[in-house]
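For the numbers below, each heavy atom of this structure counts, side chains included, while hydrogens, waters and symmetry mates do not. Below, read A as the first sequence line, B as the second, and so on, with proteins coming before strands; counting in each chain starts at 1.
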Amino acid sequence: MYALVDCNNFYASCERLFQPQLENKPVVVFSNNDGCAIARSDEAKLLGIEMGTPAYQIEHLIKKHKIAVFSSNYTLYGDLSDRIMKILADFTPKMEIYSIDEAFLDLSGFMYDDLFRMGTEIKSTVRQHVGIPVSVGIAGTKTLAKMANRYAKKKDKKLGVFYASDQNLIDEMLHFTKVEDVWGIGRQYASLLKKNGIYTAMDVTKTPEAWMRKYLTVVGQRLWYELKGIPSIEWQHLPAPKKNICTSRSLGKLTDDKSILKEAISNHAATCALKLRNQKSCAKAICVFINTNPHKINLPQYARSVTIEFDTATNLTGEIIQYALKGLDIIFREGFLYKKVGVIVLEIIPENQVQNSLFDCIDRGKNSKMLSAVDKINRSIGKDVVRMASQGFERRYKLRSEHLSFKYTTDINEILKVKI
DNA sequence: TCTGGGGTCCTAGGACCC
DNA sequence: TCTGGGGTCCTAGGACCC
C-alpha cells in the first residue's frame, strides 16, 4: 500500500500561515515576475481563478473581491516543505519526495485496518506541528494513491483522507475520476481517449491493454496496469541526482541591451554551478538559450540555443560563466527585444568521477576550496553577497515581485514580530 | 504595460558502423 | 531501371508532471 500526502493549495497555505487573518479569505500566489496565478486558496478557486491565468486578466477580480495576492517566496515554501517532509519521514522509513508539496509513503508492512487511522494521524500531525493542511490518499499503486488523494479532497475535504481498501471503494473512485484528472493523462491524451469513448478512469481499465500501448505508448500501458492495482511505476527511495539542471528567468523588461543579457546569463550560470556543487556533481556541457516574447506576435521573433562541450567536467562558477558568455556571443543577434534567457548544464556526473584533460591549466583544487568558502559565506548570510564580477550588483534584469512576503523562517531580520 | 520555471520519460528518425 | 541488412547512438520533439 502507498500513501500520497499532498499539501492543500501549498503556496497559498504557506502565506496564510503567517497572516492568519486571511483564513477563509481568497488568496492568490503569482509566479515569478508576478506573471500568472500558480496557487489559489479554495476561496480564490471558487471565484473562478484558474491555474496559470495571467495576472492582468484577473485584476478586476482581485479588486472586486479584495483578494490577497503574493509574489512567489520560494525560500519560505522550501523551508516549510523541509519541515513537513521530516515529519512524514517519521511515519515510514520508505518515502519518496515527489515535489515541493507532495510525497509518496510506502506503507507495506503496516496493519491494513490501521491505514485509515494512520492517514488521519499524518494529517493532524502536520497540521499541528507545521500548520499546513494536507490530504492523504491510500491505495495499492502510486496512480491509485494519487487518485485517492484527489478523491479525498473532492469528497470530504475536512476529513481529507481516503483509503481505497477494497475493490468497491476503488471502483467508486475509478468511476468518479474523469480521464483528464488521472495522473499521467494530460491534455493530448485526454482528448484522444474521449474521442474514442473513454471518459472515466473506469473506462480506461475496460479498454484493451494493446490499445493503450498502441496509442499512448508504454506510458499508457503502465498506467493501465496501475489502475488495475498492479504497481508498475518504479519507486525512488533516494532522490536521484538531477540529469540536467536548468536556471532561467524572464527578464523584468524586454531588452535589446546585450550587457543586461550578459549579466542575467552570468547569474543563471552561477546558480547552475552552485546547484551542481550542492549535489556534488560536475557537468560536461552547457546549453545557453535566449528568446524574444512569443506572445508579442507583432514584434520580430528570435529564439536560439547553443550547446558547448567542456574540455573537463566542472562545477566551478567562473569557468561555467565563461562558457555561458561564449554561448551568448554565438547566439546573440542585434535588433531583437529579448524576453527570456536561460542556462542548462548537461551530461552531469558525480564530481569524483571527473577525468582531467591533459591540457587543463586550471588549478581545480584551489578553485574548489575557494568556492567552498564562498558558498559557506553566502549560505550563512542567506544571500549571494560574494559574486563574480560579471554577475554585477544591480540586477538590472530583475523581475518583478511586488507582493513578496517575508522569509519568516530562514532570515533573522525577517522573523515575525509580535506586539505584547 | 501584463502570459513561470524546472524537471522526466519516450519515440522517431538520422547518422554512422560493419 | 537495378541500390542489403542489422545494429547503435544521438537528437529533436512531444508527451507528461508539479
What contact category does [X] fall into here, base, sugar-phosphate, or nothing, at under 4.0 angstrom with non-hydrogen atoms?
| X | value |
| --- | --- |
| A/Thr247 | sugar-phosphate |
| A/Lys253 | nothing |
| A/Asn32 | sugar-phosphate |
| A/Ile245 | sugar-phosphate |
| A/Val29 | nothing |
| A/Asp34 | nothing |
| A/Gln57 | nothing |
| A/Ile185 | sugar-phosphate |
| A/Arg213 | sugar-phosphate |

Report, as yes or no, whether the 6.0 Å neighbourhood of atom NZ on A/Lys275 holds more than 12 heavy atoms from other residues, nucleotides or ligands.
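Yes, because the 6.0 Å sphere around NZ of A/Lys275 holds more than 12 heavy atoms from other groups.
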
For A/Lys258, is the NZ atom crowded, meaning more than 12 foreign heavy atoms sit under 6.0 Å from it?
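Buried by this count: over 12 neighbours within 6.0 Å.
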
Ignoring the backbone of A/Lys243, work out which of B/dT8, B/dG4, B/dG7 is nearest its side chain.
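Ranking B/dT8, B/dG4, B/dG7 by closest atom to the A/Lys243 side chain puts B/dT8 first.
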
Choose from C/dC17, C/dA15, B/dC2 the nucleotide whose nearest atom is closest to any side-chain atom of A/Tyr189.
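Nearest listed nucleotide: C/dA15.
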
Please give, in whole Å, the distance from B/dG4 C1' to A/Met51 CE?
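So the CE-C1' distance, A/Met51 to B/dG4, works out to 9 Å.
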
Nearest-Å distance for atom pair NZ/P, residues A/Lys242 and B/dG5
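Spelled out: NZ on A/Lys242 to P on B/dG5 is 18 Å.
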
For the pair A/Asp101 (side chain) and A/Phe10 (backbone), establish whether a donor and an acceptor sit closer than 3.5 Å, ignoring hydrogens and angles.
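A pair under 3.5 Å: no.
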
